[in-house]
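These notes are about the structure you will find just below.
Ligands are counted one by one from 1 in listed order, and the atoms in each one are counted from 1 as well. Numbers here are sequence positions counted from 1.
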Amino acid sequence: MSRSAPFDAIAPTYDPSRGGTARAAVFAGQLAPLLDPAEPVLDIGVGTGIVAAELTARGHRVYGVDLSPGMLAHARDRLGARVAVGDAGRLPVRTASVAQAVSTWLLHAGPDPRAVFAEAARVLRPGGRYLVIPARGGRPTDDIGRIVNALEDRLDPDGSRQDDPRHLAPLAAARDLLFEGTASERPTTFRVSPHQMARSLAGGRLFTGAWQVREEDLGLVAEACERLRALPDPDVPRVREMADFVMLFRRRGPGGQE
Ligand SMILES: C[S@@+](CC[C@H](N)C(=O)[O-])C[C@H]1O[C@@H](n2cnc3c(N)ncnc32)[C@H](O)[C@@H]1O
């Protein structure tokens, strides 16, 4: 199976199943005040271009790269020739040519974050910024969350799948991208029942299949699904609380200058 296959498969339903333009407008609203409208923006992992289109509507000139031709076909409808198929770990972009880059919901979705940071650092000019909205701003700790978090910690003991500042800041710093903090924090909620969560984990396809659990770990997933199904009222959706925020990374200047 190709690396883009999970997102190629869900491309036709991706936008409506992920909050549609309402979610994209919120993300663009979080990013826009942190961007310089005079400079183009590189959207790494642009997907269907739904967030990039909202940034464009706010006066930004956005270019995008994504691994999935299926997702990118939708982005092309929105952004025309400003998008290209490419790997975030090998960007088709000149060194030190970009003043600002963004990624929304990319780092949990398959690429090695170390390779993404190395490439973001390469293409950014010294002093340039990389703004990242992670997929999971803090893990919910409700009854579903406690089971899913424990599963993820067992499957990924070194945290390389966790797109949060604690795990990402040191990886970025080692590649000349300094973590400057978070901005534009916005509490958010979503609803999911234990049964829905168990169905989405079944077969070891975590994060829309971007994280396919190894054969030998499928027993751990099955065990977690059993625990989810055994929760009280497993068909009743829980209102789950999270916070969306932007992580700010800045490209170090020449000679390691900050
Ligand atoms: C969850 S989607 C987010 C898309 C978009 N940023 C958004 O917020 O709607 C993750 C995207 O990352 C892309 N992706 C995953 N691995 C990638 C890689 N190595 N290089 C470039 N894009 C990648 C997928 O194809 C998918 O379009």
Side-chain angles (χ1 to χ4, degrees), residues 1-32 35 41-58 60 62-79 82-93 98 100-123 130-137 160-163 168 171 175 184 186 188 190 200 205-212 242 244-247:
M1 188 170 75
S2 80
R3 286 165 62 218
S4 69
F7 282 100
D8 289 335
I10 62 165
T13 55
Y14 179 85
D15 287 344
S17 66
R18 301 297 190 284
T21 47
R23 186 231 358 148
V26 168
F27 280 13
Q30 290 176 289
L31 293 167
L35 293 167
V41 180
L42 175 65
D43 186 336
I44 306 172
V46 67
T48 61
I50 193 164
V51 177
E54 290 292 325
L55 283 173
T56 305
R58 285 161 177 75
H60 294 280
V62 187
Y63 295 82
V65 173
D66 199 281
L67 194 62
S68 158
M71 296 287 275
L72 216 58
H74 297 267
R76 203 162 282 123
D77 289 342
R78 290 184 163 115
L79 303 169
R82 287 191 183 156
V83 296
V85 175
D87 187 337
R90 257 182 79 184
L91 291 170
V93 177
V98 172
Q100 46 192 1
V102 301
S103 288
T104 57
W105 287 0
L106 167 70
L107 295 176
H108 73 297
D112 179 343
R114 288 163 283 230
V116 179
F117 285 133
E119 275 298 87
R122 181 184 67 75
V123 303
Y130 183 33
L131 310 182
V132 174
I133 297 188
R136 294 175 312 155
S160 59
R161 288 281 183 169
Q162 304 298 334
D163 60 344
L168 293 179
L171 300 184
R175 285 145 191 97
S184 306
R186 184 180 163 276
T188 180
F190 65 103
S200 79
R205 288 171 49 82
L206 276 62
F207 305 164
T208 327
W211 177 359
Q212 178 58 54
M242 296 177 66
D244 286 322
F245 54 80
V246 181
M247 289 189 257

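- Within the 4.5 Å cutoff, the side chain of L31 has heavy atoms near those of the T104 side chain.
- Screening V102, V98, I44, L42 against Y130 for a side-chain contact (heavy atoms from CB on, under 4.5 Å) leaves a single residue, I44.
- Using a distance-only test at 3.5 Å, with no hydrogens or angles considered, a donor-acceptor pair links the side chain of R175 to the main chain of L171.
- Side-chain contact between P69 and D8 is present, with at least one heavy-atom pair separated by less than 4.5 Å.
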For ligand 1, list every N/O pair with the protein closer than 3.5 Å, one pair per line with the distance.
{"from": "ligand 1", "atom 1": "6 (N)", "to": "G45", "atom 2": "O", "distance (Å)": "2.8"}
{"from": "ligand 1", "atom 1": "6 (N)", "to": "T104", "atom 2": "O", "distance (Å)": "2.8"}
{"from": "ligand 1", "atom 1": "6 (N)", "to": "T104", "atom 2": "OG1", "distance (Å)": "2.9"}
{"from": "ligand 1", "atom 1": "8 (O)", "to": "R23", "atom 2": "NH1", "distance (Å)": "2.9"}
{"from": "ligand 1", "atom 1": "8 (O)", "to": "T104", "atom 2": "O", "distance (Å)": "3.4"}
{"from": "ligand 1", "atom 1": "8 (O)", "to": "T104", "atom 2": "OG1", "distance (Å)": "2.7"}
{"from": "ligand 1", "atom 1": "9 (O)", "to": "Y14", "atom 2": "OH", "distance (Å)": "3.2"}
{"from": "ligand 1", "atom 1": "9 (O)", "to": "R23", "atom 2": "NH2", "distance (Å)": "2.7"}
{"from": "ligand 1", "atom 1": "19 (N)", "to": "R3", "atom 2": "NH2", "distance (Å)": "3.4"}
{"from": "ligand 1", "atom 1": "19 (N)", "to": "D87", "atom 2": "OD1", "distance (Å)": "3.0"}
{"from": "ligand 1", "atom 1": "20 (N)", "to": "A88", "atom 2": "N", "distance (Å)": "2.7"}
{"from": "ligand 1", "atom 1": "22 (N)", "to": "L67", "atom 2": "N", "distance (Å)": "3.2"}
{"from": "ligand 1", "atom 1": "25 (O)", "to": "D66", "atom 2": "OD1", "distance (Å)": "2.6"}
{"from": "ligand 1", "atom 1": "27 (O)", "to": "D66", "atom 2": "OD1", "distance (Å)": "3.2"}
{"from": "ligand 1", "atom 1": "27 (O)", "to": "D66", "atom 2": "OD2", "distance (Å)": "2.8"}

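- With hydrogens and angles ignored, the 3.5 Å screen pairs no side-chain donor or acceptor of E54 with any backbone N or O of A24.
- Here the side chains of F27 and I50 are not in contact, with every heavy-atom distance at 4.5 Å or above.
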